[in-house]
Amino acid sequence: MSGLILRTLNSIDWDFVLPRKGYVGPPHWYPGTFIPALSDSLIEALTPEGGVIFDPYSGIGTSGWSAIRTARSCHIADINPVAILAGYVTTSLLALKRIDANRAYAALGSLSKLVDHGDDLFGAESLGGSDLDHAVEAISSPKPAELLQQMRVGLPQWEPLSRWMARETMAELGSLLARLDQLKGAYLRVLGMAMISAIARTVGSQHASWGHIADNVRPRELKPQSVRIAAMRWLNRTRAFIDLPMLPSRAACPPQTSVHIRDWSNSGEDGPGTADLLLTSPPYADAIDYTLAQRLSLYIMGHTDDDILRMVSGEIGARRKRFKSDSRVQWSEQLCNALASQITWLKPKSSLCLVLPHKDSGRSAGEDDLKTTLEQLGWDLFFERDRSIHQSHTRQSWTSIKKETILAFSRG
Ligand SMILES: C[S@@+](CC[C@H](N)C(=O)[O-])C[C@H]1O[C@@H](n2cnc3c(N)ncnc32)[C@H](O)[C@@H]1O
């Protein structure tokens with residue numbers, strides 16, 4: 001690895017104690033996300049402009065946002081449909097902004113008209129739905145209509161939702177969904193679904209924490225909440241998210257974004273061999289039930305309780321598996337097995353960065369096994385740094401894990 005890259009990595013304060021100027025909260029409350037400063041710094045240090053980033057456990061796509069903002073392309077993958085939906089709209093809105101900012105704002109504006117039965121909140125010129133679809137298809141994969149088909153697997157599951165949401169709220173949600181279905185243009189419908197998925201928890205009645213939803217602790221009382229207000233807040237937050245500045249690009253082609261719904265616990269498929277950097281924080285053992293925490297959104301997308309339990313069984317390191325005596329051994333084995341197919345997404349000369357729970361949190365086997373696996377596959381560890389997680393809005397601040405380790409490897 002070049003001296004310049006090492007000097008750059010060594011000069012960064014990886015604790016990111018001071019919030020970076022201009023960052024705003026993400027358009028989804030998904031737990032355990034990267035702080036963007038972490039993914040920005042690694043991408044800028046390890047890849048050239050125009051490079052390709054691959055995150056196999058991408059959550060809502062923070063590494064993808066960093067890729068697009070720094071003029072790179074991205075492939076992001078996850079098992080969780082809610083994460084994939086959020087990752088698709090956030091990365092595509094940013095990529096859209098790169099080619100024509102007005103289109104990104106107009107998409108949000110069109111949705112605001114639908115939510116508010118009134119004026120376009122953002123004053124951007126409205127767009128025909130198919131115009132927008134063509135623009136998105138040029139930069140994002142899959143096409144919006146294909147993604148929608150994968151994401152909405154059936155009618156909303158109102159019966160299980162009724163344990164979490166007041167009747168009035170479900171009626172308002174149903175009417176918004178019906179209006180959404182009338183919209184011309186698949187991208188606007190995808191955007192609308194992402195919005196509804198992001199606000200599902202807010203308009204429900206269990207406000208204690210997402211952990212209560214994951215643990216099936218239902219609300220004592222069902223209180224009506226305004227879907228319109230929650231949706232307008234999401235639109236404003238998402239506008240602030242796309243407002244953030246980007247690095248200028250000298251490339252002739254705009255960055256491309258590509259999302260993949262993938263279960264690495266049983267996928268041996270080879271990747272395209274085009275990425276310059278694999279950057280990811282794999283799920284931490286026994287820490288979070290990602291799928292269960294999203295159950296309200298999954299019900300709205302048409303998933304049943306049985307579907308959700310099937311997804312949980314694929315989730316590596318899921319918290320609900322912690323009662324099995326070998327849960328951490330299994331977690332580590334699954335991460336190592338998945339690595340063999342994940343590296344086939346990379347170019348022969350490339351880098352790989354893992355952000356793992358620190359040894360002190362009792363998960364050292366994962367780190368040791370991954371290091372050994374990568375060494376056997378021909379990868380050299382060239383950078384290792386512990387960072388503390390003490391900010392209120394960063395990953396794992398709500399679990400016992402307070403430190404994590406960044407590992408960077410190179411090949412070729
Ligand atoms: C620590 S989170 C990644 C968060 C991400 N860095 C972000 O900023 O949003 C780990 C992710 O691994 C995903 N995951 C767990 N098991 C998986 C599996 N078998 N296949 C694919 N993804 C999986 C979870 O759904 C979760 O989104």
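For ligands, and for the atoms within them, numbers begin at 1 and follow the listed sequence. The residues of the chain are indexed from 1 along the displayed sequence.
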Atoms of ligand 1, numbered as shown, that sit under 4.0 Å from any heavy atom of [X]:
X	answer
Gly32	1 (C), 4 (C)
Tyr30	24 (C), 25 (O), 26 (C), 27 (O)
Ser265	19 (N)
Ile60	9 (O)
Thr33	7 (C), 8 (O), 9 (O)
Glu315	15 (C), 16 (N)

Option set [options], criterion heavy-atom distance to [atom], minimum:
atom	options	value
atom 7 (C) of ligand 1	Ser58, Ser281, Pro357	Ser58
atom 1 (C) of ligand 1	Phe34, Tyr290, Trp331	Tyr290
atom 23 (C) of ligand 1	Ile79, Leu356, Ile35	Ile79
atom 21 (C) of ligand 1	His28, Met311, Arg262, His260	Arg262

inquiry  = Please report whether the ring centroid of Tyr299 lies less than 6.0 Å from that of Trp158.
reply    =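 Centroid distance Trp158-Tyr299: not below 6.0 Å, so no.
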
task = Would you please indicate if the ring centroids of Phe383 and Phe409 are separated by under 6.0 Å?
result =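 No, too far apart.
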
request  = Test Trp345 against His260 for ring-ring contact (aromatic ring centres under 6.0 Å, His included), laying out the working first.
outcome  = CA-CA 12 Å; Trp345 288 65; His260 310 262; 4.9 Å; yes

Would you say the side-chain atoms of [X] pair up with the backbone N or O of [Y], donor to acceptor, closer than 3.5 Å?
X	Y	answer
Arg363	Pro357	no
Ser205	Leu222	no
Arg98	Arg69	yes

message = For ligand 1, which is the ligand I care about here, please tell me if Gly314 has any N or O atom under 3.5 Å from one of the ligand's N or O atoms.
response =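 Yes.
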
ask   = Does the N or O separation between Asp55 and ligand 1 drop below 3.5 Å for any pair?
value =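 Such a contact does not occur with ligand 1.
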
key: Trace of the side chain to side chain contact (heavy atoms under 4.5 Å, CB included) decision for Leu111 with Leu180   = CA-CA 9 Å; Leu111 211 53; Leu180 197 64; 4.1 Å; yes

query = Is the shortest distance from a heavy atom of Ala83 to ligand 1 less than 4.0 Å?
reply =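 It does not; every heavy atom stays at 4.0 Å or beyond.
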
query = Mind checking whether Phe54 and Trp264 have parallel, tilted or perpendicular rings, split at 30° and 60°?
reply =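 It falls in the perpendicular class, over 60°.
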
inquiry  = What's the separation between atom CZ in Arg228 and atom CG in Leu173, rounded to the nearest 0.5 Å?
reply    =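 Going from the CZ atom of Arg228 to the CG atom of Leu173 covers 15.0 Å.
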
